[in-house]
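Quick one: the structure is below, and I'll ask about it shortly.
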Amino acid sequence: MLKKVFEPIKIGNLQLKNRLVVPPMVTNYCNTDGTVTERYIAYHEARAKGGWGLIITEATAVDERGKGFHNMAGLWSDDQMESHSRLTERVHQHGGKIAVQLYHAGRQTGSHITGVQPVAPSPIKDPTMNETPRELTKEEIKEIIEKFGDAALRAKKAGYDAVEIHGGHGYLINQFLSPFSNKRTDEYGGTLMNRVRFAVEIIENVRKKVGKHFPILFRISTVEFVEGGLTIEDTKVIARMLEQAGADAIHCSTGVYKTMMYVIQPAAVPHGFSVSFAAEIKKVVSIPVIAVGRINDPLIAESVLLSDKADLISMGRAALADPELPNKAKEGKLDEILPCIGCVQGCIGRLLKGLDICCLVNPSTGKEKEFAVEPAKEKKKVFVAGGGIAGMQSAIIAAKRGHEVHLYEKGDKLGGQWLLAAVPPSKTELNTLTIWLKAQLDKLGVHVHLKTELNENIIENENPDAVIIATGAKPFVPNISGVNLPEVVLAQDVLAGKKDVGQSVVVVGGGLVGAETAAHLANHGKKVVIIEMQKEIVKDGEPAVKYFLLKDLQEHNVEIITSATVKEIKQGSITFEKDHVMKEIRDVDNVVIAVGSKPENTLADKLQGKVEKLITVGDALKVRKALEAMEEGYRAGLAV
Ligand code: SF4
């Protein structure tokens with residue numbers, strides 16, 4: 001099934017063993033002075049071992065004042081080179097090739113990070129940022145061009161195999177390219193030719209400093225998806241100019257900060273959604289073209305290459321989810337690949353909060369050393385209560401360490417609440433994690449006891465050495481008059497298919513679960529109203545997830561009533577208060593309750609002091625996101 005992805009290819013003089021690329025992803029793992037850390041090196045080393053053809057590092061600042069994140073890599077000073085040399089050496093030890101991505105954030109940063117006012121081609125505030133940038137003078141433009149060249153030379157000396165210049169995602173070079181951000185009237189603004197000048201002069205300066213044979217990749221946002229921004233017809237012209245200036249490959253991404261949901265796309269965006277743009281670029285250049293954009297499966301990568309729409313495939317989040325993807329694909333072990341599910345919780349979700357990235361499905365991403373699974377010194381009998389994702393994860397890690405593991409699930413299948421989370425529109429991919437976890441339990445010989453609730457009697461009779469409580473959460477039922485009527489159902493029961501609802505439905509609670517349940521029902525032809533106490537709905541959702549969910553609700557005419565408190569439910573109606581006025585919705589067939597959950601941890605209370613080691617994880621400890629549940633499950637597996 002897979003041949004083309006494993007065909008070698010050259011970028012300039014650089015020979016790559018296959019066409020699978022880890023694209024740049026900011027990790028926030030580096031020191032604030034731009035030097036790289038052991039954590040950052042171990043993270044890349046894992047991907048080098050995993051068999052990727054090319055690894056491109058995260059955006060690496062060429063100027064301290066051009067940093068966009070506190071803990072990002074930098075190459076603005078010779079002092080930073082030694083740490084980068086250690087990185088390239090470790091990647092090369094495993095036969096990997098590594099390029100560094102060079103960038104300047106321009107207006108997409110803030111003085112809270114750089115200590116100075118941001119700069120840009122024009123003094124226009126980015127819609128997502130708080131500060132208006134200062135317009136760069138021509139002298140400053142020339143200085144930044146030199147800084148790109150100097151950083152590229154440092155990269156070459158530090159052992160990188162290539163450099164990539166970041167001209168996409170709304171950063172400084174992109175700001176010059178785009179009429180969305182560039183309103184200059186000198187030779188760096190106005191016409192397309194003028195707007196490309198900054199990028200061309202950077203390539204020329206880099207080429208002058210690194211020499212003829214050192215590969216230069218260039219990343220662009222082929223389409224910005226903003227009013228007045230770059231279109232594919234613009235970027236086709238730009239790509240030809242970049243090739244002529246000396247670029248050896250074009251890396252085709254999409255979006256800017258304002259359209260972040262198209263830079264790092266959630267599951268609502270189709271796989272390979274931007275491949276067609278790469279294909280357009282490929283028609284007009286003769287250098288290799290790299291496609292990217294929610295390609296999480298090597299089979300999709302293969303078919304994009306076979307369709308001749310690109311020459312290489314970037315699979316960023318797929319590499320966070322499973323660093324071993326190329327090796328597994330090469331060995332035909334496609335079933336063993338742990339896929340990225342497009343949840344955007346651990347990667348961009350954390351980065352947008354200023355945190356270091358991780359991955360929901362793979363808690364060891366970025367913790368390669370800390371989460372290394374070593375054999376246990378002594379084999380123990382470990383019991384896990386609850387077959388949701390946290391329970392399964394803890395069982396897997398404990399079993400990998402050599403323990404005898406028994407997993408107890410009171411229901412008739414594994415997956416818990418995660419199975420329900422996969423029901424709403426665009427969420428089906430969540431099931432791939434359940435399938436993967438189940439296969440691992442099987443492979444590792446974990447004893448799974450379905451339809452069996454772990455209780456004190458079992459513990460007393462079996463006497464395990466350690467018990468992990470992963471019993472999850474149960475829905476919270478508010479104290480509203482009429483809540484016990486037969487027409488009132490829980491969102492969880494609707495999603496599980498246990499309760500049918502009529503044509504007209506009111507969902508009480510506009511958090512992620514309520515809004516997704518509303519979308520699920522509206523997509524199945526129901527007339528739906530959401531009533532939410534707070535000023536907005538989906539406050540607990542990742543921004544990109546929220547964007548597409550609100551769009552879906554709007555397209556399906558779901559009525560959203562915010563800042564409202566439900567007062568009474570009667571047969572056929574619901575009464576709520578908004579702005580001190582009582583209102584009623586009539587002809588309601590069903591009311592769906594989705595006002596949150598509370599931990600289900602009664603077993604933990606009962607077992608206190610009765611077992612040698614007792615660990616509670618996930619929602620059973622405190623109701624949070626799946627990201628925390630998976631990580632705690634992993635930690636528990638290491639701790640027993
Ligand atoms: Fe993919 Fe979610 Fe992991 Fe991000 S956190 S890489 S979206 S699985």
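Keep in mind the model is a prediction, meaning the values are calculated, not measured. In each ligand, atom 1 is the first atom listed, and ligand 1 is the first ligand listed.
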Residue and atom name of the nearest protein heavy atom (relative to atom 7 (S) of ligand 1), distance in Å to one decimal: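 Of every protein heavy atom, Val344 N, 3.1 Å lies nearest to atom 7 (S) of ligand 1.
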For atom 4 (Fe) of ligand 1, closest protein heavy-atom neighbour: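 Scanning the protein heavy atoms, the shortest distance from atom 4 (Fe) of ligand 1 goes to Cys347 SG, 2.3 Å.
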Per-atom contacts, ligand 1 versus Gly346 - under 4.0 Å to a heavy atom: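 Reading through ligand 1 atom by atom, the close ones are 5 (S).
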salt_bridge(Glu370, Arg635) N-O dist < 4.0 Å: yes
Atom 6 (S) of ligand 1: nearest protein contact (heavy atom, Å): Arg317 CB, 3.4 Å
Closest approach of any protein heavy atom to atom 8 (S) of ligand 1, naming residue and atom: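 The protein heavy atom lying closest is Ile341 N, 3.5 Å.
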Atom 1 (Fe) of ligand 1: the protein heavy-atom neighbour that sits closest, reported with distance to 0.1 Å: Cys340 SG, 2.4 Å
Salt-bridge contact Glu368-Lys49 (side-chain N to carboxylate O under 4.0 Å):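 No, no charged N to carboxylate O under 4.0 Å.
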Under-4.0 Å salt bridge between Glu532 and Lys539: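 Answer for the salt bridge query: no.
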Sub-4.0 Å heavy-atom approach of Gly342 to ligand 1: yes
Pairing of Lys551 and Glu555 as salt bridge, 4.0 angstrom limit: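 Yes, Lys551 and Glu555 are salt-bridged.
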Per-atom contacts, ligand 1 versus Leu360 - under 4.0 Å to a heavy atom: 3 (Fe), 5 (S)
Pair Glu600, Thr471: side-chain N/O donor-acceptor within cut-off below 3.5 Å: no
Basic-acidic side-chain contact under 4.0 Å: Glu542, Lys625: yes
Metal check, atom 1 (Fe) of ligand 1 vs Cys343 N/O/S, cut-off below 2.8 Å: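 So Cys343 does not count as coordinating atom 1 (Fe) of ligand 1.
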Salt-bridge present (Lys622, Glu628; N to O < 4.0 Å): no
Identity and distance of the protein heavy atom lying nearest atom 3 (Fe) of ligand 1: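 It is Cys359 SG, 2.5 Å.
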